[in-house]
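Accompanying notes for the structure given below.
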Amino acid sequence: MVPIAYYLVLSAVLFSIGVAAFLIKRNIITVFMSIELMLNAVNLAFIAFSRQWSQTTGHLQVNGQIFVFFVMVVAAAEAAVGLAIIIAVFRARNTLNVDQIDLMKL
Amino acid sequence: MNDALRILPEIILTLAGVLVMIADALLPKPSSRKSLGWLAVLGALAALAVSFWQYQLPAGTAYYGVVQTDAFSVFFHVLIAGIVLASLLITLDAVTPETEGLGELFALMLFGAVGMMLMSSAVELLLVFVALEISSISTYIMAGFRRKSAKSPESALKYFLLGSFATSFFLYGIALIFGATGTTRISGIADAIASANPSTALLYVGLAMVIVGLGFKVSAAPFHVWTPDVYEGAPSPVVALMSTGPKAAAFAVLLRIAYGALPQLHADWVPILWWLAVISMTIGNLGALRQRNVKRMLAYSSIAHAGYILVAFTALSADGVAAASFYAVSYAAMNVGIFAIVSHAGGYDDHLTLIDDYRGLAWRSPLLGGAMTFFLISLIGIPFTGGFFGKFYVFTAAIHSGMVWLAIIGLINSGIAAFYYLRVVVALYSRSSEAAPELVVARPSIALLLAIFITSAATLILGIAPGNVLDAARAAAQTFTSVGQDAATPPSTSVDAVSTGR
Amino acid sequence: MTDLHLWLIPLVPLAGFLVNGLVGRKFSKPVVTAVALVASLIPLLQVAVIVTKFSSLALPHIENLGPWIQAGSFHADFSFQLDQLTLVMLCVVTGVGFLIHIYSVGYMGEEDGYWRFFAYMNLFLFFMLTLVLAENFLLMFVGWEGVGLASYLLIGFYYTRDSAANAGKKAFIVNRIGDFGVLLAMFLLIAHFGTVSFTQVFSQIAAHPAWQGGFLTAIALFIVLGATGKSAQIPLYVWLPDAMEGPTPVSALIHAATMVTAGVYIIARTHVIFDRSPYALAIVAIIGVATAFFAATIGLVQTDIKRVLAYSTISQLGYMFLGCGVAAYSAGIFHLVTHAFFKALLFLAAGSVIHALSGEQDMRAMGGLRRKIPITFWTMTAAVLAISGFPPLAGFVSKDEILYQTFIAPNGGKILWLVGLLTAGLTSFYMFRLWYLTFFGESRTQTPAHEEEAAPVHARSDTKLVLEAEPQAHPVHESPWIMLGPLVILAILSVIGGWMGWPEGLGGSNWFSRFLEPAVGVLPAPSSPESHLTELILALVSTFVAASGWLAAHIMYYARPELPARLAAQFPARYALLKNKYWVDEIYAAVVVAPVLFIARWVLAVLIDRGLIDGGSLTAGYSAQGLGALVARIQSGNIRSYAGWLAFFAAALLAASYFGWTTHFFLQ
Amino acid sequence: MHLALFIIFAGLCVAGALNLLLQRHPINSALSLIVVMSSLAVLYLLLGAEFLAAAQVIVYSGAIMVLFTFVIMLLNAGKEERTHGSKLAYIAGFPGAAALLGLLTYIFLSHSAAFGHARLGEYLATTGDLSRVLFRDLLLPFEVTSVLILIAILGAVALARREH
């Protein structure tokens with residue numbers, strides 16, 4: 001028996017680590033991975049909330065889980081596009097370091 | 001079948017996009033892909049016509065209550081169809097037959113519009129999310145379409161990474177709202193808040209995160225940081241679309257969530273939006289002052305205009321919603337219009353984009369110069385243009401709801417704005433400098449003329465005879481039954497507070 | 001109801017603008033001229049017709065062309081209104097406007113962009129006529145902002161000159177600051193009255209005698225802000241002197257006779273609101289008198305003939321404000337009318353002088369022109385006498401009316417009157433200074449000031465580059481009759497124009513103020529023999545003051561021009577400086593102007609002129625620029641920084657919404 | 001039992017996430033992310049989301065992460081250099097992330113009672129349960145994802161295509 005709040009806290013922890021990773025990582029691909037981590041954290045929250053509402057209402061609620069399903073689909077699509085963009089950037093600039101992708105500023 | 005009618009414009013745009021893709025594959029390799037653009041234009045025209053026709057549908061939901069066609073969503077359907085139509089024409093003018101990936105570009109524009117339209121009619125947050133992603137991902141891709149330049153992929157990368165970052169916040173916000181209310185239907189959320197006593201802490205935080213996500217999409221400060229860089233790097237015709245379409249759609253979502261789902265919480269989101277409006281207007285206008293690149297300047301100006309729309313949000317009245325919707329239309333008209341000229345003058349590859357490059361343009365091409373001046377005048381907000389009436393309604397609504405300070409700050413800002421817009425006007429009508437290379441202006445194509453005609457006519461009509469559009473905007477505002485109650489009492493006390501020197 | 005087709009009055013010039021603006025550059029000059037003149041003549045004729053029918057009209061006569069915007073409870077119509085005030089303004093705008101159009105045919109004859117000039121002039125007429133004819137605030141605001149736009153276009157007419165472009169921009173932006181005032185006033189009106197129609201607002205106010213001050217003061221003060229912008233009053237006067245970059249006919253029409261009086265017009269038009277707010281009225285009076293005095297002192301030391309006239313315009317507008325501020329609206333409007341005559345004349349005559357000297361604007365390089373351009377001289381003389389306030393010319397009558405009304409006004413009227421009187425003396429002095437420097441003495445067209453090519457002066461001169469390139473190409477010559485005709489007509493009006501309002505105290509009937517009474521109301525002026533005596537005495541005093549101003553100018557600039565040299569010997573330390581023939585300017589600069597300017601510079605100029613308007617090159621001032629740099633610094637181009645920024649503000653937003661910091665904070 | 005499983009896999013999640021953050025080679029980060037995702041799949045199971053647990057393993061740790069690894073290999077990405085492009089990420093971003101964590105944790109824990117406790121084996125959502133909602137109530141969003149995927153394909157092709 002585990003309080004659902006623990007799952008939620010775990011999701012908050014993962015989300016914040018995701019944010020921190022986005023801020024720290026220099027490699028664009030890893031930066032993109034940290035976004036995936038954030039999305040996973042959100043998924044966990046959805047599933048936890050879905051479970052919570054099943055208990056509150058007394059019968060199975062799958063809305064939150066469906067949301068997760070869609071997030072996965074979107075994440076897959078985003079991954080395809082994102083990695084294509086990364087490849088395009090790499091070809092144009094020959095670097096994968098985010099700190100060097102700052103041609104446009106001010 | 002009846003259900004399908006409610007998403008008919010989306011269906012038409014999807015079909016048109018698929019047709020463009022198929023035709024792209026069938027066309028022999030060396031031949032020009034520009035004809036595909038006209039196919040796309042036809043699709044957009046059909047979508048526009050059907051969107052207008054949708055006004056005849058009785059308001060109602062479809063597909064088990066995930067989409068709703070009502071005066072509000074149809075209003076935005078028409079707007080988005082118009083935007084994508086004009087943007088396609090601009091693209092047709094800017095590209096050359098040799099431009100890479102034309103077929104994909106046109107198809108993406110159409111598909112992106114599908115997402116934007118669905119955003120405006122979705123009443124289920126799940127569909128909002130999917131539609132938002134459709135519109136966002138297609139714009140991420142289009143931003144990077146000029147692959148040979150160094151800036152365009154960078155622009156796409158920045159937009160993509162930061163956009164996904166913001167989307168995660170948006171999603172977390174939805175999760176928290178779902179956690180608090182147990183539903184993701186707009187009406188369900190409102191009911192849950194009204195009847196049960198949901199956990200307000202979760203709601204507040206969820207709401208804040210949703211605002212972060214949508215604030216990013218509408219480029220409201222302080223979530224605006226991506227805007228100038230992305231606009232600078234993306235191809236100009238694409239910027240015409242992405243500075244107006246996704247923005248309008250995101251504002252529609254924000255309006256629906258704020259007024260449809262969370263009217264009970266307005267005491268909490270109004271202050272947030274109040275500050276976002278003030279910061280957006282100020283940062284947008286101050287940032288634009290220093291810019292020498294026209295596209296960056298317009299990016300900052302779009303941040304400022306997002307601020308003006310947010311001013312209307314805070315008015316908490318039917319007038320406020322109507323003003324926001326109206327402003328979205330007038331902003332779209334003038335901004336797409338000005339990008340038509342920027343993209344024609346600068347070309348698809350953006351060879352010249354500095355304000356100095358525009359020196360003397362009006363003497364070399366009176367039509368382009370005149371049209372650009374007209375759009376700039378509208379952006380400043382001079383009477384007889386859509387820009388003036390947009391601001392007029394927005395600030396009237398704000399003052400009517402007692403937001404006197406907000407209106408004053410907004411007006412000061414719109415004064416600052418005159419500086420940088422006028423700089424372009426002055427450049428247009430001054431002698432071209434010897435040092436800078438002269439901007440070579442090709443003869444405007446039919447497509448460009450059409451685009452300029454549509455946008456300038458819209459800007460002018462919105463300024464002289466805004467009656468119909470305003471009625472439509474007001475009808476759209478009536479969709480939210482909860483608004484209007486708050487505006488019933490005139491806020492005379494607060495207005496007096498100003499006069500007594502508060 | 002008789003239908004006067006009021007809408008035609010503004011629409012004909014608009015048609016002229018469209019024709020000349022769209023296809024004008026393909027037309028020959030005579031065609032452009034014909035289009036422009038017809039477009040300005042038809043409104044004049046129509047106004048003339050209206051004048052003949054006027055007595056039979058039910059006033060105010062309102063013509064509603066149909067709805068413009070309908071938004072629920074709020075709606076605004078395309079509706080025009082004609083009452084006594086409108087009629088007066090119409091006469092001035094169409095009459096003076098037409099004369100200046102004729103004059104421009106001669107003056108601008110050799111310019112590039114001839115068609116453009118007349119297109120803009122017609123556009124200006126359209127907006128100005130819309131402004132005065134509008135029946136509601138919104139339509140009036142269209143004209144209000146529109147005249148600013150037209151003025152911007154015309155000031156920047158010589159677009160190739162950066163100074164002209166900048167002056168145009170400065171004018172536009174300062175005007176926009178004022179426009180916020182009008183907009184805010186309009187928003188408040190909508191919030192409180194639910195309408196922008198003049199008649200409806202005023203009848204609602206009339207129906208609630210209890211409304212005093214409060215929000216009405218707020219509205220009135222916002223209107224005053226707008227009026228100070230348009231009428232170049234403190235603190236927003238800064239744009240008008242620079243506006244002299246425009247062609248001289250523009251200065252005459254827009255920056256002397258019509259547009260700048262819009263501020264006076266709007267106060268008179270909304271006098272119902274001002275009557276309920278003594279504070280607002282007092283502020284108008286103080287602004288007016290302060291501006292009148294301040295601008296007159298600056299006018300003392302100007303050397304550019306058009307700049308003298310510009311400051312004199314600001315000063316005279318101050319008189320009009322003073323009149324309105326003591327609730328003598330008809331006196332203010334009366335001065336508006338007479339000022340339109342003599343100031344337009346002054347500018348046109350100055351234009352004629354400049355024309356005669358092939359572009360010279362510096363008075364130090366003039367002199368002795370009396371015989372060479374006699375008609376210009378005589379018309380100018382009429383205008384100088386009029387503005388200086390010598391009876392029985394127009395300026396005397398109207399200025400005296402204002403001073404008299406100020407004198408008898410309660411609450412500090414005497415002080416305002418004294419300052420006003422002093423200003424009248426200064427006015428007389430600097431106008432005669434201009435007169436003597438331009439027309440008397442020996443010709444200085446060959447003086448060093450000119451041989452040095454006086455670059456800044458030339459940069460400011462408003463004639464085309466061709467003329468500047470060969471300044472001595474033409475001998476001094478009188479202008480053609482197409483320019484002199486309007487001068488003569490205006491000179492006659494400057495002389496007799498005041499008689500329609502001849503005060504009762506001097507045996508007249510003050511017909512003008514009786515005429516305006518239904519539209520703007522008048523003070524319950526005591527009409528007793530004592531008051532007539534007061535009026536007579538005041539008139540004598542001000543005539544005396546004007547005469548002494550003339551005398552002073554006569555001594556310093558005509559009778560004893562050697563005085564400077566003699567005094568120079570007594571002050572050897574500053575001998576080099578005093579060798580300058582016009583040492584008077586320096587003394588004035590030191591004794592009178594410097595302190596005034598000091599205040600102006602540090603209180604007004606730093607705050608408004610520099611901080612808000614000039615500010616660096618073309619940007620919104622140091623402060624705004626600094627903030628702009630701050631905004632730009634955020635934009636480091638680094639994605640991680642952007643994400644950090646996003647994360648920080650997301651967290652801030654979350655915290656704010658969770659802890660409710662923002663709730664009800666800073667929010668009415 | 002449940003608590004023990006939670007602690008183990010939650011610990012694995014956090015460890016994997018931190019490892020993603022600390023590793024300097026992208027491949028190591030990717031592998032850490034796979035650990036996080038797989039552990040999350042177990043947690044989904046504990047919460048009764050059978051189908052999603054399976055999908056998590058197949059879609060996320062399978063397909064998506066394979067794509068990532070593939071791109072890392074394709075671009076031959078090496079260890080990342082510690083460049084110092086952004087101070088703002090540290091001075092604004094980290095406090096932001098920490099504040100987010102603190103605030104969310106505080107809210108979740110203070111409302112812990114309202115959320116209740118999860119027991120193993122209760123409220124199992126079978127594939128059938130999901131599909132009844134997915135193909136009826138949410139049919140339209142489901143169909144619309146086809147447009148999304150179409151865009152993704154189009155975009156990937158258009159952006160990653162070799163220049164001619």
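Below, chain A is the first sequence line, B the second, and so on; all start at residue 1. The structure displayed is predicted, hence computed values, not measured ones. No hydrogens, no waters, no symmetry mates; every other heavy atom, side chains included, goes into these values.
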**Prompt:** Looking at B:Ala288, B:Pro222, B:Ser414, B:Gly215, which one has more heavy-atom pairs under 4.5 Å with chain C than the rest?
**Reply:**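 Of B:Ala288, B:Pro222, B:Ser414, B:Gly215, B:Pro222 has the most heavy-atom pairs under 4.5 Å with chain C.
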**Prompt:** Can you tell which of B:Ala398, B:Ala208, B:Pro366 has the highest number of heavy-atom pairs within less than 4.5 Å of chain C?
**Reply:**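 Among B:Ala398, B:Ala208, B:Pro366, the one with the most close pairs to chain C is B:Ala208.
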**Ring centroid separation B:Phe216 to C:Tyr642 under 6.0 Å** =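 B:Phe216 vs C:Tyr642: aromatic centres not under 6.0 Å.
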**Asked** Is the gap between the ring centers of C:Phe187 and B:Phe392 under 6.0 Å?
**Response**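 They qualify: ring centres under 6.0 Å apart.
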Counting C-beta onward and ignoring hydrogens, is there a side-chain heavy-atom pair between [X] and [Y] closer than 4.5 Å?
X	Y	answer
C:Ser657	B:Leu207	no
B:Asp268	C:Tyr658	no
C:Phe649	B:Leu276	no
B:Trp226	C:Trp645	no
C:Tyr152	B:Leu422	yes

State the [atom1]-[atom2] distance between [X] and [Y], to the nearest 0.5 angstrom.
X	Y	atom1	atom2	value
B:Thr396	C:Ile190	OG1	CD1	4.0 Å
C:Leu653	B:Ile272	CG	CD1	4.5 Å
C:Arg640	B:Leu161	CZ	CG	12.5 Å

Part of [X] lying under 4.5 Å from any heavy atom of chain C:
X	value
B:Phe169	side chain
B:Ile380	both
B:Thr314	neither
B:Ile283	both

**Request:** For C:Phe648, look at atom CZ and say whether over 12 heavy atoms of other residues, nucleotides or ligands are found less than 6.0 Å away.
**Result:**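 Count not over threshold, so no.
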**Prompt:** Of all of C:Leu149, C:Leu184, C:Asp179, which one pairs up most often with chain B through heavy atoms under 4.5 Å apart?
**Reply:**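 Highest number of heavy-atom pairs under 4.5 Å: C:Leu184.
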**Request:** Taking all heavy atoms of B:Asp229 and all of C:Gly637, pick out the closest pair and write down the distance.
**Result:**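 Of all heavy-atom pairs spanning B:Asp229 and C:Gly637, the closest is OD2-CA, 3.6 Å.
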**Item:** Contact summary for B:Ile399 and C:Ala191, nearest pair of heavy atoms
**Value:**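 Shortest heavy-atom separation between B:Ile399 and C:Ala191 comes out as CG2-CB, 3.9 Å.
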**Prompt:** What part of C:Ile219 lies closer than 4.5 angstrom to a heavy atom of chain B: side chain, backbone, both or neither?
**Reply:**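 Contact with chain B: none, neither part.
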**Prompt:** Just by modelled atom types, is the C:Asn638 backbone N or O under 3.5 Å from a matching donor or acceptor in the B:Lys158 side chain?
**Reply:**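 It does not hold such a pair.
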**Request:** Could you go through the side-chain contact (heavy atoms from CB on, under 4.5 Å) check for C:Leu646 and B:Phe223 one step at a time?
**Result:** CA-CA 6 Å; C:Leu646 284 178; B:Phe223 309 111; 3.6 Å; yes
**Request:** With sequence neighbours excluded, give me every salt bridge (Lys or Arg N to Asp or Glu O under 4.0 Å) pair touching residues 138-150 of chain C.
**Result:**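 Every pair satisfying salt bridge (Lys or Arg N to Asp or Glu O under 4.0 Å) with a residue in residues 138-150 of chain C: C:Glu145-C:Arg176.
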**Request:** For B:Phe395 and C:Phe180, run side-chain contact (heavy atoms from CB on, under 4.5 Å): C-alpha distance rounded to whole Å, both residues' side-chain angles, the deciding distance at 0.1 Å, then the answer.
**Result:** CA-CA 11 Å; B:Phe395 292 127; C:Phe180 308 147; over 6 Å; no
